[in-house]
Structures are given as C-alpha cells and as structure tokens.
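Before any comments, here is the structure.
Numbers for residues simply follow the sequence, beginning at 1. In each ligand, atom 1 is the first atom listed, and ligand 1 is the first ligand listed.
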Amino acid sequence: MTTTVSTPLDVIILAAGKGTRLQSQLPKVLHPLFEQPLLRYVVDAAVPLSPHRIIVVVGHDKERVTEAVEAMATDYPSINFVTVTQEPQQGTGHAVQCVAKAVPDLSPTALLLSGDVPLVTTPDLATLLSAHQQGGHAVTVMGADVPTPTGYGRLLTSQGNLTAIVEEKDASDDERRITQVNAGLYALDTQKTLPLLANLSNSNAQGEWYITDVVALSLQANHTVGSAMLADWHSMQGVNNRADLARCMASLNERHVNAHMANGVTVVSPASTFIGPNVAIGADTMIYPGCFLAGHTTIGPKCTIGPNTRLTHAAIGQKTTITESVITDSAVGDNALVGPFAHIRNGAVLGNQVRLGNFVEVKNTTVGDNTNAAHLAYLGDATVGQQVNIGAGTIIANYDPVRKQKHPTTVGDGAMVGCNSVLVAPVQVGDNACVAAGSVITQPVSDNALAVARAKGKEIPHWVTRQQKAPSQTA
Ligand code: UD1
Ligand code: CA
C-alpha cells in the first residue's frame with residue numbers, strides 16, 4: 001500500500017527506553033515477535049507513507065539499537081534513516097526535545113510513534129494523519145477505547161474534545177476508570193508544538209518529561225488538538241512486559257491466521273497455530289494444530305501440514321504432506337510425503353513425489369524425484385538421483401574429523417542402497433547400482449554393479465547344542 005501525504009513527512013520513533021519491566025538484557029524495541037524486532041514492525045507500518053526521513057531516538061544500549069536500524073535501512077534505500085541519541089532517558093517529551101535539537105529542519109508535519117507499539121498498521125497511521133491535516137491541529141493523538149486501560153495514559157475530554165492526557169501513575173481514581181487511552185502515536189504540527197516543548201515539566205509521579213503534556217500545552221497556546229480513535233484497539237497494544245509481548249504475539253498471529261483463512265486455507269486450530277508475517281500459503285491447504293510457520297516460507301495449494309510441524313524459510317510445492325517434522329532453509333517439491341519425524345535443513349532440495357519417513361535427516365542434499373528414504377537415515381552434503389531407494393539405517397558419513405571438513409557424495413538415478421549401509425564420503429554410487437545391506441562403502445560403485453562390503457557370513461553347526469551341554473561357567 002502506498003499512501004501519499006500532502007506535505008513532506010518526517011517520522012520519529014521513540015526507542016531509547018530500557019524496558020525495565022521486561023527484566024531483559026535485550027533492549028525492549030529489539031525483542032522479537034516471530035523473528036522480527038518490535039521496532040521493525042513500526043518501521044514497516046510507516047514506510048508506505050513515503051516519509052522523507054525516519055528518525056529513531058536511541059539511548060539505552062544505543063549501539064545495538066542503531067545496528068538494528070542500519071540493518072532495516074538497507075531494506076529501504078529510498079528512505080533516509082537517522083538516529084538521534086537521548087542520554088540520559090528522561091521521558092518521552094525529553095526524547096522529542098532531543099530530536100528538535102539534533103534535527104533543526106524537521107518537516108512541518110511529523111508522525112511521532114513508539115517503538116514499543118508494534119501492531120499499528122499503515123491504514124491506522126494514514127487515518128491519524130488525515131484527521132490531523134483535516135483538523136489543522138497542533139497535535140492529533142491516536143487513541144482507543146480498550147477493555148483494560150491499566151498502564152496507559154487516559155484521554156481526558158470535555159464535551160467529547162480531548163483536553164489532556166493523564167498518565168496512570170498521576171491519575172485520580174475517577175480518571176483511572178476512563179477506558180479511552182493514548183496509543184502513544186501522534187501527528188504533530190512541528191511549527192506549533194516544538195516551541196511548547198520548552199514548557200514541559202517533570203513534576204509528575206515519574207519525574208519525567210512527558211510528551212503527553214503537549215496536548216494541554218497546545219490548548220493553552222490557543223491551538224486546536226484532535227484525536228483519532230482506532231476502530232480495533234488491538235493495533236495499539238504496547239509492550240512493557242513479557243505478558244504484553246505474549247498478548248501482542250497472539251494478536252499478530254490472529255491477524256495472520258485470519259488473513260490466510262480468508263484466502264482459503266483451513267487452519268484447524270487457530271490458537272495453536274503460529275504463522276509469521278512472511279508466510280504465503282496456497283488455497284485448500286490444511287494446517288493441523290501445533291504448527292509454527294515462520295521466516296520467508298511458501299506453501300503451495302492443497303498441502304497438508306502438521307500436526308506439530310515447524311517450517312522456517314521453507315518452500316513447499318503443491319499437494320505435499322508434512323507431518324510432525326522440522327524443515328529449515330530447504331525446499332520440497334509437489335506430491336511429496338515428509339514425516340513423521342523428519343528433519344530437513346541447510347539448503348536441502350527435495351524433488352516431486354519424494355517420500356521421507358520416520359527419523360530421516362537430510363542436510364544440504366538434493367534428492368531427485370520419486371526417491372524414497374522411508375526410515376532412519378542421514379543424508380548429508382549429497383546429490384541423490386531420481387527413483388533411488390535409500391534403505392533403513394543408511395548413513396552418509398560426510399564428516400572427515402581429521403581435516404575437519406565435509407565431503408560430498410553422489411548416488412545415481414535408480415540406485416538401491418541396502419539397509420544399514422554407510423557411504424563414507426567422498427564417494428559415488430553409480431546409476432542403478434546396488435549396495436548390499438550392511439556395507440561400508442569407501443570406493444566408487446560403478447553403474448549397474450553390486451557392491452558388497454561386509455564380512456562374509458559363516459555357519460557354526462551345533463553351536464547351541466554344544467553350549468547347552470558345556471558345564472556352567474559360573475560356579
Ligand atoms: C506511554 C505514554 C502513555 C501511552 C503509552 C502507550 C508518555 C508519558 N506516556 O507510556 O500515555 O498510553 O505510552 O503505549 O509518553 N522512550 C524514549 N525515551 C525515554 C522514555 C521512553 O525513547 O526517555 C521510548 C520507549 O523506548 C518506548 C516509548 O518511548 O518505545 C514509550 O515509553 P514507555 O516508557 O514505554 O511509555 P509508557 O509508560 O508505555
Ligand atoms: Ca510503553
């Protein structure tokens with residue numbers, strides 16, 4: 001979605017706080033939902049508004065937060081990312097004072113966002129901006145009516161108009177009963193509001209300079225203020241502690257699951273299914289309970305996934321079934337059967353109609369169409385052809401512990417590798433070759449040959465009878 005704003009827009013994101021209540025060594029805005037930091041969600045929501053700059057206020061552990069901002073900036077080369085340091089962190093109003101000092105040429109319109117309000121959407125921000133611009137306000141506050149207002153700043157109103165924001169810790173009992181709260185997202189007319197920042201005070205319960213006081217200050221200066229109320233309050237959930245993180249995860253997940261169901265995916269148990277932001281799923285695919293689908297993952301139509309399956313950066317074809325398995329950074333073709341209890345990883349590529357069964361691990365290996373490894377096998381750093389049968393217990397011994405390196409193995413089309421064989425890499429098994437069960441293969445096997453590499457069996461007649469007649473060894 002691209003939304004054009006009539007005036008140049010700067011976006012300011014507050015991300016300097018420690019997040020004390022998370023009890024963590026990781027700065028709050030870098031805590032992940034799925035694999036993305038909270039801050040990334042806020043940036044992603046702002047980018048489609050085509051801001052001139054995204055200014056991130058950093059402070060606590062600023063090196064790590066700045067590094068994360070730089071990583072995000074590489075994904076959006078057309079946007080100018082700027083970091084401003086706030087040291088020490090003396091409140092959200094103080095953070096904006098630091099921005100005003102460090103960036104004297106702020107655009108006339110700025111969106112002020114919180115790095116810990118990750119579920120806000122681009123349409124929410126567009127609504128905030130248009131309410132702001134239509135009203136010509138000094139500041140427009142995004143708010144919502146929430147079922148549990150605890151922890152949020154309350155919106156004080158007179159005849160339906162916003163008059164001030166009072167923080168929970170400064171609120172009277174009556175004010176705490178108000179359920180209309182501040183989302184921590186604002187649109188600012190910088191020319192009207194920045195001069196008022198000098199009048200902020202820290203005589204409040206937390207001894208901090210609050211940006212929320214800019215509402216009352218604007219009215220005192222005879223400017224108008226506005227509010228934009230969210231239809232769905234879930235978008236404004238803030239993260240202050242681990243319980244908030246879990247709630248945001250649940251809301252975000254619900255959003256993703258609902259979108260997939262609307263596109264024709266059956267999700268048998270939405271509450272026990274986790275689907276990340278970058279997952280694409282084809283219609284008529286069934287997702288059974290206990291699945292965690294994350295990273296850049298694509299699943300074709302008419303697949304059956306789960307129960308209890310984890311896919312991360314996986315590409316799955318169509319009509320494929322994956323049960324109780326883990327697939328990471330790998331691809332599986334069409335009409336394949338994987339699991340139960342298979343582990344596919346590190347760039348493995350499985351063809352169409354492949355069947356990988358119980359306790360089979362495939363790492364950095366290409367497996368051709370119609371190949372089976374139905375039970376208990378390890379295929380590592382190999383190229384396995386089409387219509388190959390890998391017997392139960394086959395191991396590719398790919399690691400050379402002396403040179404500390406992995407060696408490659410190839411298994412030709414139509415080959416049959418008998419049960420409990422070890423293919424010691426580097427080694428090649430030819431097309432249509434056969435490896436006898438229990439062999440340890442260290443030499444290349446030619447096309448169409450049988451390789452037997454095991455001790456010859458022998459029979460000892462009457463051994464059991466002799467044992468039975470022998471005097472007991474134990475006294
Ligand atoms: C803030 C609002 C509250 C609102 C809530 C919404 C204030 C005073 N209160 O409260 O009205 O309901 O957000 O989620 O603004 N930060 C800095 N520098 C600082 C302090 C904070 O950059 O000195 C950043 C934090 O990293 C965070 C954001 O500002 O990303 C909000 O700060 P936080 O302390 O979480 O404010 P709340 O108490 O949640
Ligand atoms: Ca917060």
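Remark: ligand 1 and Ile165 share no N or O pair separated by less than 3.5 Å (distance only, no angle test). The shortest N or O to N or O distance between Gly17 and ligand 1 is under 3.5 Å. Annotation: Ala16 places an N or O atom under 3.5 Å from an N or O atom of ligand 1; distance criterion only. Below 3.5 Å of separation, one finds no N or O of Gly184 facing any N or O of ligand 1. Looking at ligand 1, you won't find any N or O of Val117 less than 3.5 Å from one of its N or O atoms. In terms of polar-atom proximity, defined here as any N/O pair under 3.5 Å, Glu167 does make such a contact with ligand 1.
Of all the listed residues (Ile12, Leu14, Asp170), Leu14 holds the heavy atom that lies closest to atom 24 (C) of ligand 1. Closest heavy-atom approach to atom 4 (C) of ligand 1 within the set Asp116, Asn182, Asp213: this belongs to Asn182. By heavy-atom distance, the residue among Lys169, Gln86, Gln237 lying nearest atom 18 (N) of ligand 1 is Gln86.
At a cut-off of 3.0 Å, Asn240 is counted among the residues with an N, O or S atom near the Ca ion (ligand 2).
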message: The test is side-chain hydrogen bond (donor to acceptor under 3.5 Å, both in side chains); show your working for His234 and Ser251 and say whether it passes.
response: CA-CA 7 Å; His234 289 93; Ser251 293; 4.6 Å; no
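When each atom of ligand 1 is checked for a heavy atom of Gln90 under 4.0 Å away, the hits are 23 (O). Proximity to Ala183 (heavy-atom distance under 4.0 Å) selects the following atoms of ligand 1: 6 (C), 14 (O). Under a 4.0 Å criterion applied to the non-hydrogen atoms of Ala15, ligand 1 contributes the atoms 22 (O), 26 (O). Counting the atoms of ligand 1 from 1 in the order shown, those under 4.0 Å from a heavy atom of Gly153 are 3 (C), 4 (C), 11 (O), 12 (O). Per-residue contacts place Asn240 under 4.0 angstrom from the following atoms of ligand 1 (heavy atoms of the residue considered): 35 (O), 39 (O). Residue contact check: Gly115 has heavy atoms under 4.0 Å from atoms 30 (O) of ligand 1. Residue Lys28 has at least one heavy-atom neighbour below 4.0 Å for each of these atoms of ligand 1: 35 (O).
At distances below 3.5 Å, at least one donor-acceptor pair connects side-chain atoms of Lys28 with backbone N or O atoms of Val239. At distances below 3.5 Å, not a single donor-acceptor pair connects side-chain atoms of Thr309 with backbone N or O atoms of Ile305. Side chain of Arg154 to main chain of Tyr152: a donor-acceptor pair is present (N/O by atom type, distance under 3.5 Å, no hydrogens or angles).
In His94, neither the side chain nor the backbone holds a heavy atom less than 4.0 Å from any atom of ligand 1. The proximity of Val181 to ligand 1, defined as any non-hydrogen pair under 4.0 Å, does not occur for either the backbone or the side chain. The proximity of Arg21 to ligand 1, defined as any non-hydrogen pair under 4.0 Å, is limited to the side chain. Contacts of Met236 with ligand 1, taken as heavy-atom pairs under 4.0 Å, are absent altogether. The part of Thr212 lying near ligand 1 is the side chain, judged by heavy-atom distances below 4.0 Å.
A salt bridge links Asp105 with Arg53; the closest basic N to acidic carboxylate O contact falls under 4.0 Å. In summary, Arg345 and Glu361 engage in a salt bridge, as defined by a charged side-chain N under 4.0 Å from a carboxylate O. A salt bridge does not link Asp334 with Lys319: every distance from a Lys NZ or Arg NE/NH1/NH2 to an Asp or Glu carboxylate oxygen is 4.0 Å or more.
Trp209 and His94 have tilted rings, their planes meeting at an angle from 30° to 60° on a 0 to 90° scale. The aromatic rings of His256 and Phe34 are tilted relative to each other, their planes meeting at an angle between 30° and 60°.
Listed by first and then second residue, the salt bridge (Lys or Arg N to Asp or Glu O under 4.0 Å) pairs involving residues 66-93 are Arg40-Asp75 (not counting sequence neighbours).
More than 12 heavy-atom neighbours from other residues, nucleotides or ligands sit within 6.0 angstrom of CD on Gln405. Around NZ of Lys62, the count of heavy atoms belonging to other residues, nucleotides or ligands within 6.0 Å does not exceed 12. Summarising the local packing, NZ of Lys363 is surrounded by more than 12 heavy atoms from other residues, nucleotides or ligands at distances under 6.0 Å.
Of the protein's heavy atoms, Gly91 N, 2.8 Å lies nearest to atom 23 (O) of ligand 1. Protein heavy atom in closest approach to atom 7 (C) of ligand 1: Thr92 OG1, 3.5 Å.
Note on Asp116: its N/O/S atom closest to the Ca ion (ligand 2) is OD2.
Remark: atom 30 (O) of ligand 1 lies closer than 4.0 Å to at least one protein heavy atom. Within a 4.0 Å radius of atom 36 (O) of ligand 1, the protein contributes no heavy atom.
Under a 4.0 angstrom heavy-atom cut-off, Gly59 registers as lying outside contact with ligand 1.
Side-chain atoms of Thr121 and Asp124 form a donor-acceptor pair, as typed in the model, at a separation below 3.5 Å. For the residue pair Tyr76/Asp44, the side-chain donor-acceptor check at 3.5 Å is satisfied. Using a 3.5 Å distance cut-off with no hydrogens or angles, the side chains of Asn346 and Asp329 do not pair a donor with an acceptor.
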